[in-house]
Amino acid sequence: MSNNMKNIEFEKPAYSDWQDAAIKALKGKPFESLFSKTNEGVTLQPLYTQESLVAKLGEELDLQVATIRSLQNSQAFQVAQQIHADTSEAFFAQLEDSLARGNEVITVDSRVKFDWTEEVLVKLASYFSEYSFKITIKNTKDPLLAVFNNIAEDQREAVKGFIVSKDPISFNAFPNVRSVSADTTVYHNEGANAVQELAYALALAAKFAEQEESFEAFSKKFFVIFAIDTQFFTEIAKLRAFKVLWKAFSSAYGVTDSVKIPTVAETSLRSFSKLDVYVNLLRSSNEALSGLIGGADLFTVHPHDVLTKPTEQSIRIARNVSLILKEETNVLKVTDPAGGSYFIESLTADFVKEAWALFLDIEAAGGMDEYIASGKLAEEVATTYHTRIKAASTRKQSLIGTNIYANPADVLEQDTNPLFADIKRIAVPFEKLRAEMTAADVKTGILALGSLKSSKPRADFVAGFLNTVGLVPEKSESVATAEEAIAWLQATEAKYVVIAGSDDDTKALVPAILAAQPANVLIDVAGKFKDEEEAWLANGLNGFIFAGQNIIEKLQSVFASMKEVQR
């Protein structure tokens with residue numbers, strides 16, 4: 001028997017076999033319904049196979065994998081914990097603590113509440129002489145730059161770090177300090193997608209390369225910065241795609257050797273919310289893992305409460321996210337851990353193709369400055385931003401704790417950390433409307449028709465719908481007649497009520513309810529009732545609530561109508 005077992009072979013199913021099984025499971029829906037599009041316009045398939053990948057890329061597949069691996073730096077995913085402090089004393093105390101607890105790159109934003117005095121700069125310079133750093137400055141006259149005046153000339157060659165600035169900084173006295181960056185987080189925070197970020201990075205590189213005496217001199221100063229969003233595989237592919245694009249970019253300058261450019265990354269804040277802030281911790285952990293697998297060289301995990309004011313605990317948690325991923329996942333023991341994945345390799349290739357095409361369009365328009373001046377960049381980024389807002393507002397994209405599974409008891413923090421106040425976060429419309437609803441003390445209710453079993457699904461949906469803006473509806477007992485419904489409507493304090501019941505119960509009772517509804521109560525119906533819609537609206541119904549509806553637009557409309565009714 002054992003010999004027979006050794007000879008057993010399992011049949012390898014073909015793509016057509018998977019397709020036939022999927023069509024059967026779809027029960028009449030077309031196979032194409034399993035396809036979806038990313039924010040970048042790339043079509044995602046339900047299944048990726050080696051055969052389909054080879055057919056798509058051919059010999060380019062091996063070249064893509066080899067390029068990515070050859071451009072991976074040996075010191076990958078260094079922990080870059082940002083220092084958050086209100087005073088210089090607290091700043092250095094936190095700096096010391098972070099270095100003692102695993103921070104590897106001193107990360108500082110110059111926009112602090114204390115002054116960069118000579119005493120503070122001298123002390124900070126002593127750390128820069130010993131540790132790698134990443135500093136973000138406002139401009140070439142930023143007072144933090146004076147820190148380098150306090151580093152002795154014989155120590156300057158050993159100083160290593162990164163200076164993030166909109167404009168390149170001349171730092172020839174510090175040969176190992178990279179001061180020319182393509183900071184794509186600026187566009188990311190405005191709403192840009194992965195393809196746009198990649199193309200902008202190349203366009204900025206082309207701009208800055210022309211300002212240097214040689215490409216070799218430029219490449220020694222240059223680095224790229226990405227924010228990593230919640231779309232796990234997309235962000236892995238984005239980081240991998242940049243290496244392929246960089247190889248193509250440098251070859252245009254006659255460079256045949258592999259020129260490794262550091263990839264500095266951080267967790268995205270456009271996906272953060274002030275509501276249910278601990279979910280931000282889950283988002284940033286997911287994003288950090290994408291950065292680790294994708295091959296980021298430096299990584300900053302923002303604390304989950306950074307939108308308001310981080311605490312010692314949240315800062316420590318953020319740092320530990322990087323440390324746990326780096327030390328306990330064993331991902332760094334593998335070069336390019338995503339390499340060979342049919343899905344990620346295909347997505348990487350798509351990003352390379354689309355980003356390179358957009359980069360060429362930018363160059364044809366006269367380069368990055370001309371592209372910005374023409375308004376094209378702002379227009380395309382605004383388009384992707386509005387697409388994200390719509391996806392969140394219709395729950396096509398989930399934002400846990402904000403647009404779904406929201407906790408109405410959450411206290412919304414009004415203050416915003418000024419460092420991140422201008423980021424176009426997708427949670428902002430929900431936060432803003434919640435603040436307005438809370439201030440107005442809006443009273444809402446759910447009128448449950450029929451049995452608990454038949455009304456509960458729609459009643460729960462309505463409650464969750466209203467919870468997203470902090471509303472806790474009063475729910476009636478199950479009512480069986482129009483008289484009971486009218487009696488409840490007359491007794492409730494709710495000024496906005498949604499009727500929730502089965503299709504049959506709703507159709508049977510709504511006409512009579514509308515005929516005797518109180519004048520000061522706005523009434524909606526849960527569900528879609530196309531055949532009855534015209535008649536019900538004509539008889540005083542405000543509208544409907546249903547899945548896939550734009551939550552923000554709907555509740556803004558309700559809020560405005562309530563104000564009119566109460567006048």
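Both backbone and side-chain heavy atoms feed into the values below; hydrogens, waters and symmetry mates do not.
To the nearest 0.5 Å, the span separating CE on M562 from OG on S557 amounts to 11.5 Å. For the atom pair E354 CD and T38 OG1, the distance stands at 9.0 Å (nearest 0.5 Å). Considering OG of S561 and CG of D524, their distance stands at 8.5 Å, rounded to 0.5 Å. For the atom pair CG (N286) and CD (Q231), the distance works out to 9.0 Å, reported to the nearest 0.5 Å. Residue L522 holds its CG atom at 4.0 Å from CG of N542, rounded to the nearest 0.5 Å. To the nearest 0.5 angstrom, E190 atom CD is 9.5 Å from T384 atom OG1.
A cation-pi contact, defined as under 6.0 Å to the ring centre and within 45° of the axis, links K528 to F546.
Using modelled atom types, no side-chain atom of R395 and backbone atom of A547 make a donor-acceptor pair closer than 3.5 Å. Remark: side-chain polar atoms of S165 are not paired, donor with acceptor, to backbone N or O of N139 under 3.5 angstrom. Of the possible polar contacts, one joining the T107 side chain to the V105 backbone as a donor-acceptor pair under 3.5 Å is found. Of the possible donor and acceptor atoms, none in the side chain of D115 sits under 3.5 Å from a partner among the backbone N and O of T117. Side-chain atoms of D410 never come within 3.5 Å of backbone atoms of L412 as a donor-acceptor pair (strictly under, hydrogens ignored). Judged by distance alone, with hydrogens and angles left aside, the side-chain atoms of S273 form a donor-acceptor pair with the main-chain N or O of L275 at under 3.5 Å. The closest donor-acceptor contact from the side chain of N280 to the backbone of F272 lies at 3.5 Å or more, if one exists at all. No side-chain donor-acceptor contact under 3.5 Å links Q82 to the backbone of H302. In this structure, W488 contributes its side chain and L447 its backbone to no donor-acceptor pair below 3.5 Å.
A salt bridge links D97 and R101; the closest N-O separation between the charged side-chain nitrogens and carboxylate oxygens is under 4.0 Å. Using a cut-off of 4.0 Å between Lys/Arg side-chain N and Asp/Glu carboxylate O, D503 and R458 are scored as salt-bridged. Salt-bridge annotation for K309 and D415: absent, with no side-chain N of the basic residue lying under 4.0 Å from a carboxylate O of the acidic one. Salt-bridge annotation for E431 and R434: absent, with no side-chain N of the basic residue lying under 4.0 Å from a carboxylate O of the acidic one.
Other residues, nucleotides and ligands contribute more than 12 heavy atoms inside 6.0 Å of the NZ atom of K138. Counting non-hydrogen atoms of other residues, nucleotides and ligands closer than 6.0 Å to CZ of F114 gives a total above 12. Annotation for E533: atom CD counts as buried by contact number, over 12 foreign heavy atoms lying within 6.0 Å. More than 12 heavy atoms of other residues, nucleotides or ligands lie within 6.0 Å of NZ in K424, so this atom counts as buried by the packing criterion. Remark: R316 CZ is loosely packed, at most 12 non-hydrogen atoms of other residues, nucleotides or ligands lying under 6.0 Å away. Within 6.0 Å of CG on N539 lie more than 12 heavy atoms contributed by other residues, nucleotides or ligands.
Under the side-chain contact (heavy atoms from CB on, under 4.5 Å) criterion, K207 pairs with Q211, D369, not counting sequence neighbours.
Minimum heavy-atom separation, S290 to F232: OG-CD1, 3.0 Å. Pairing each heavy atom of S98 with each of Q81, the nearest pair is CB-CG, 4.4 Å. In terms of heavy-atom proximity, L449 sits nearest to S455 at O-CB, 3.3 Å. Heavy-atom minimum distance, A355 versus A199: O-CB, 3.5 Å.
V164 places a side-chain heavy atom less than 4.5 Å from the side chain of F223. Counting only heavy atoms from C-beta outward, the side chains of Q196 and L358 approach each other to under 4.5 Å. Side-chain contact between E477 and E484 is absent, with no heavy atoms from C-beta onward closer than 4.5 Å. Between N467 and N407 the shortest side-chain heavy-atom distance does not fall below 4.5 Å. Side-chain atoms of F35 and Q45, non-hydrogen and from C-beta on, do get closer than 4.5 Å to each other. Proximity of D305 to P310: side-chain heavy atoms (C-beta onward) are separated by under 4.5 Å at one or more points. When side chains are defined from C-beta on, R388 counts as touching N193, because their heavy atoms get closer than 4.5 Å. Looking only at side-chain heavy atoms (C-beta outward), D422 and N189 stay at 4.5 Å or farther from each other.
Ring planes of Y200 and Y371: tilted class, angle from 30 to 60°. Taking the six-membered ring where the residue is Trp, W536 and F529 present tilted rings, their angle falling between 30° and 60°.
For S271 and E287, the side-chain atoms include at least one donor-acceptor pair closer than 3.5 Å. Side-chain atoms of H304 and S284 form no donor-acceptor pair, as typed in the model, at a separation below 3.5 Å.
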Between L325 and F299, does a side chain to side chain contact (heavy atoms under 4.5 Å, CB included) hold up when you go through it step by step? CA-CA 11 Å; L325 292 176; F299 204 92; over 6 Å; no
